**Q** 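Let me give you the structure first, and then I'll get to my questions.
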Amino acid sequence: MNRLIKIFVIAILFVFTTCKKEKAFPSWDTDVLSPLLKSTLTLKDLLTDSLLKENPDSSLKLIYHSGFYSLVIDSLLTIPDTSLKYVYPPFPISYYHLDSNEIVMSNIGTTNFNMGNVLLSYAKIRNGYIKVETWNTLKQKINVRYSIASAKLNGVPFAVSEQVPAATTAGSVYFTKLYSLAGYDIDFRGAAGDKFNTVSISVIANIDDSVTMHLGDSVVFKNTYFNISPSYAKGYFGKDTVTIGPAENHLGLFDNVKAGSLLLDDATVKLHIDNYTGIDSRVQINSWYSLNSFSGNSVQLASDIIGSPININRAIETGDPQNPVIPSSWSTTLNNSNSNIKGLLENLPNALGYSLRIQTNPLGNISGSNDFIFSDRTINASVDIEVPLSLSAAGLTLQDTVDFSLQTGTQADNVNNGVLTLFANNGFPFNATIQMYMLHANGQITDSLFTENKTIASGMVDANFKVIAKKISKLPVPLSKSKLDLLKNTHRMVVKIKYDTYSSPQLVKLYSHYGIDVRLVGDFNFTVNFDN
Amino acid sequence: MKALYLNLFFVFYYGVTTTFAIDLSLIKNDSAKASISLSGSYYSQSTVLTNAFVNKFILFPGFIDEGLKGVVSSHLKRDNQFGFAIDYGFSYFQKFNHRDFGFFITAKDKQYLNTKFSGDFYNLLMYGNKRFAGTTAAFDGLSLNALKYQKLGTGLIWTVVDTVGKLGFGFSYLNGESNSSLNAEKARLFTSEDGQYLNFETAMTWNMNDTMNRSRFANNGFGFSADLFFEAPFKLKRRSGKMVVSVEDIGFIKWNSSSRSYSVDSTFYFDGIDVSNIFQLRDSVFSSISADSAISKFSNKGKKNITTLVPASFNFYTITNYGKRFQLVKGIHHIFNANYKLKIYANGNIIFSINFLLVLG
């Protein structure tokens, strides 16, 4: 009897302990055929950093704005680092007893900034500092009060008081401190208001307690303005010539184009120069060119504006803090009849190059030293590109790198193998040959997605090369287990698409309703596992 | 005489039914005052699933290979059924002094799963939809019910009725742990030839208890049930025996107000997840889609009290003695509310001793 009970207890324990094992789940393989993703791509999806505009006939044109030059204020105005130094006593003294609170220094002086032919009367400081240094050999503390009456922050003049420590038996004491002048309004016309490039200062120093002064003892005071940069300045900024370039500025319009050729029907570029400074200017464009860094080709602009002086009047200061300047603008339009601008764009440039010369105040100081300049509003040059999308492409290859992640620990882990099929229903009048490359985290290409380059056929066109019906192409991607493993380790993909317009070099117009419907269908052998 | 009474009951029918029961009772003889019984049983029945398949699917889960799937597939009919029941627990019986009746208390953990499905459903589930490319997989009438509850009951047994019979009845409190019930009046999936789209036509309801409360013996509802038992001896053509009739678990569980009910009567067309740029694929594209969000989006849902009738078991059998060592058992068994098919059965018992009984069936 007892034995039976023991067997029973052991059996119960066995059942419960085996139940505590990790839970198992059934699994089996299935063949799944299912659509995964769909998307409709129009030109708005394919073109980046651009604006498409629809013409009355629903054909499209591309409008692209790009600034390619902006004058920096340092080119016109630089306030140099400038120091002023006072020494007490002004001449050697062998012995002198200083009473408590006796004043050792009381100077009202001026700091003159050497700025060439610039006559600066006023500046609002964006950033910059004043550095105050004191060397003291006296065995007593010195109280220093330093002020600049013409430098004001919210109407309050700059003034600081410091106590310089007494010298020790080891030698003199060096005391220094840095003060920010950011936001200060500084009048550069001196104490009487009749000068330029001049700032008045006041230094008063008194001994803290009585001390005897011996030969060689001194108090030296020095102040230095440095890294002064104005956000606004007024005065006369000289008759000067600034040469800019050759320099290149990035143009994002054809960033992803890596090869091939493009023929355009027409192109228009409006060149704008806006003068936001209170300075008369004469601008001369010495050269302007488009640069394709992949092919190495550059195309120089051939136009009357090259080498011709462009006079731009000074801007008008309004006094309105919200809109303080009314700029003076100049613009010209470059087209097929007055330039080779179409050739510049057919070069598929990723940069615009230029070389300029800007002459300031060509007529001298005719403003009575009332020139003005804001640091964030100077002289800007920009282009507005307008290209009707009537074109012909031959082997026009766009390449981009896109993020991709198929993380592990998901249902994707249960795919054993299969075929991923891209169905592309193309409504554009061009063939597109596509390939995608898998990139490992280290940037190395590990494999291509398609076993060979696959072509999406052009839509059906009429006699005018206008698409009348979409055409479907089927692009299968066999996915073996090894390729799936590669995909799981893929973090980025290079997408390379080569476009050839229908009947190139015949020009075809692109319309707003053109698009391509893409759909990704998965045909997978998949392990169903309830553990996941 | 004190004895440990062990009753092992195995019935294995290839491809149809599996029964396993263990009843371990520490009893005294019939005139004894008290007894304790520990029991457990597993019962599964299907019109098509083989034991090997069910073992891999439920009892000893593992990989179900093509062979296992194929055997079942070759026997599929238009309507197919599968169900299983597991219960275990204990009971205690105490006879009143100098009386012919006593009382019992019982505690059991019970679990039922049953489903009715079409052949297409099986093939779709086990082989995927690729084999249905260009056609429709129809699984109208699909039902799936999963129920788990605990039973705590008490009752009385008259040990002498009409001189030698027994009559008992019990009343139980039921703790509803989990419930999930899906019934699809209409369910048809069309897969296009090239896989570019799927079309799913369905009219179905799905009731389930609070999914946030899934702990063991969780209380997601409660109910009551009743049991009846009658046993009477007989003598027929000089052979003695007894007749037993029992009805167990006539009752219900009312699930709490956190229970959810989904209903849908619609057609779903799926031709891929719409992405703004197919070249910018990230997990977030897929992670935004979950079963819960899809159900919420496409169905009418609501929290409400749901009442479920628990599967009630009816058993009628006779035991006829053939000498001292052999008994013939004949009977019918049915479980209501469980997609169960009435079973008529017969099996034999070989009695080695009062303590050991071998059941043949």
Side-chain angles (χ1 to χ4, degrees), chain A residues 1-5 7-8 11-12 15 23-41 45-46 400-407 410-412 418-419 421-424 436 472 474 493 495 497 516-531, chain B residues 1-6 22 24 26 38 40 53-66 68-69 88 123-134 189 191-198 269-287 355-356:
Chain A
M1 176 64 200
N2 287 338
R3 192 176 171 195
L4 281 174
I5 293 175
I7 291 170
F8 169 70
I12 294 296
V15 168
K23 201 170 181 181
F25 295 89
S27 63
W28 64 91
D29 288 347
T30 63
D31 293 313
V32 177
L33 179 65
S34 173
L36 301 174
L37 304 169
K38 65 175 180 178
S39 186
T40 296
L41 301 172
D45 302 305
L46 295 172
D400 198 5
T401 303
V402 298
D403 291 336
F404 178 88
S405 66
L406 198 64
Q407 289 177 354
T410 65
Q411 289 293 344
V419 178
T421 305
L422 181 72
F423 290 89
M436 296 173 81
I472 194 160
K474 186 177 170 183
M493 274 207 187
V495 181
I497 307 175
I516 180 168
D517 303 322
V518 290
R519 182 165 295 148
L520 208 54
V521 172
D523 176 0
F524 298 125
N525 181 264
F526 181 84
T527 299
V528 177
N529 192 336
F530 285 93
D531 194 14
Chain B
M1 180 183 96
K2 290 185 178 179
L4 185 69
Y5 183 89
L6 181 66
I22 180 168
L24 188 62
L26 186 61
L38 299 173
F53 184 93
V54 173
N55 288 345
K56 280 285 184 187
F57 205 98
I58 296 171
L59 285 182
F60 310 105
F63 185 75
I64 301 167
D65 60 26
E66 294 300 310
L68 278 178
K69 292 195 293 186
Y88 61 89
N123 287 326
L124 182 68
L125 180 69
M126 301 309 295
Y127 291 99
N129 70 325
K130 188 179 177 183
R131 64 163 52 189
F132 292 98
L189 176 71
T191 303
S192 69
E193 187 73 49
D194 52 11
Q196 287 204 65
Y197 70 92
L198 305 172
Y269 177 85
F270 178 68
D271 58 353
I273 300 164
D274 203 348
V275 294
S276 57
N277 189 341
I278 204 163
F279 296 120
Q280 296 286 346
L281 296 186
R282 284 178 166 277
D283 287 336
S284 55
V285 171
F286 303 97
S287 62
N355 296 332
F356 186 65

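In what follows, every chain begins at residue 1, and chains take the letters A, B, ... in the order their sequences are listed. Only a predicted model underlies this, so the values are computations on that prediction, with no experimental measurement involved. Below, each value reflects all heavy atoms present in this structure, side chains not excepted, and no hydrogens, waters or symmetry copies.
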**Q** Would you mind checking which part of B:Phe57 comes under 4.5 Å of any heavy atom in chain A, side chain (CB onward), backbone (N, CA, C, O), both or neither?
**A** both

**Q** Please state whether the side chain, the backbone, both or neither of A:Asp523 comes within less than 4.5 Å of a heavy atom of chain B.
**A** side chain

**Q** Which pair of heavy atoms, one from B:Asn123 and one from B:Phe132, lies closest together, and at what distance?
**A**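 That closest heavy-atom pairing would be CB-CZ, 3.9 Å.
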
**Q** Give the intermediate values and the outcome of side-chain contact (heavy atoms from CB on, under 4.5 Å) for residues B:Leu198 and B:Asn129.
**A** CA-CA 10 Å; B:Leu198 305 172; B:Asn129 70 325; 3.6 Å; yes

**Q** If the test is side chain to side chain contact (heavy atoms under 4.5 Å, CB included), which one of A:Val32, A:Leu33, A:Thr30 qualifies with B:Lys130?
**A**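 Only match with B:Lys130 under side chain to side chain contact (heavy atoms under 4.5 Å, CB included): A:Leu33.
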
**Q** Check side chain to side chain contact (heavy atoms under 4.5 Å, CB included) between B:Lys69 and all other residues, then give those that pass, not counting sequence neighbours.
**A**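 For B:Lys69, the residues satisfying side chain to side chain contact (heavy atoms under 4.5 Å, CB included) (neighbours in sequence not counted) are A:Trp28, B:Ile64, B:Glu66, B:Tyr122, B:Met126, B:Tyr127.
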
**Q** Chain A heavy atoms under 4.5 Å from B:Leu125: which part of the residue, side chain, backbone, both or neither?
**A** both

**Q** With a 4.5 Å cut-off on heavy-atom pairs, point out which of B:Ser192, B:Gly128, B:Ala133 contacts chain A the most.
**A**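 Sorted descending by pairs with chain A, the first entry is B:Gly128.
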
**Q** Hey, could you give me the CZ/CG distance between A:Phe526 and A:Asp29, rounded to the nearest 0.5 Å?
**A**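 The distance works out to 10.0 Å.
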
**Q** What part of B:Asp65 gets closer than 4.5 Å to chain A, counting heavy atoms only: side chain, backbone, both or neither?
**A**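 Contact with chain A: none, neither part.
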
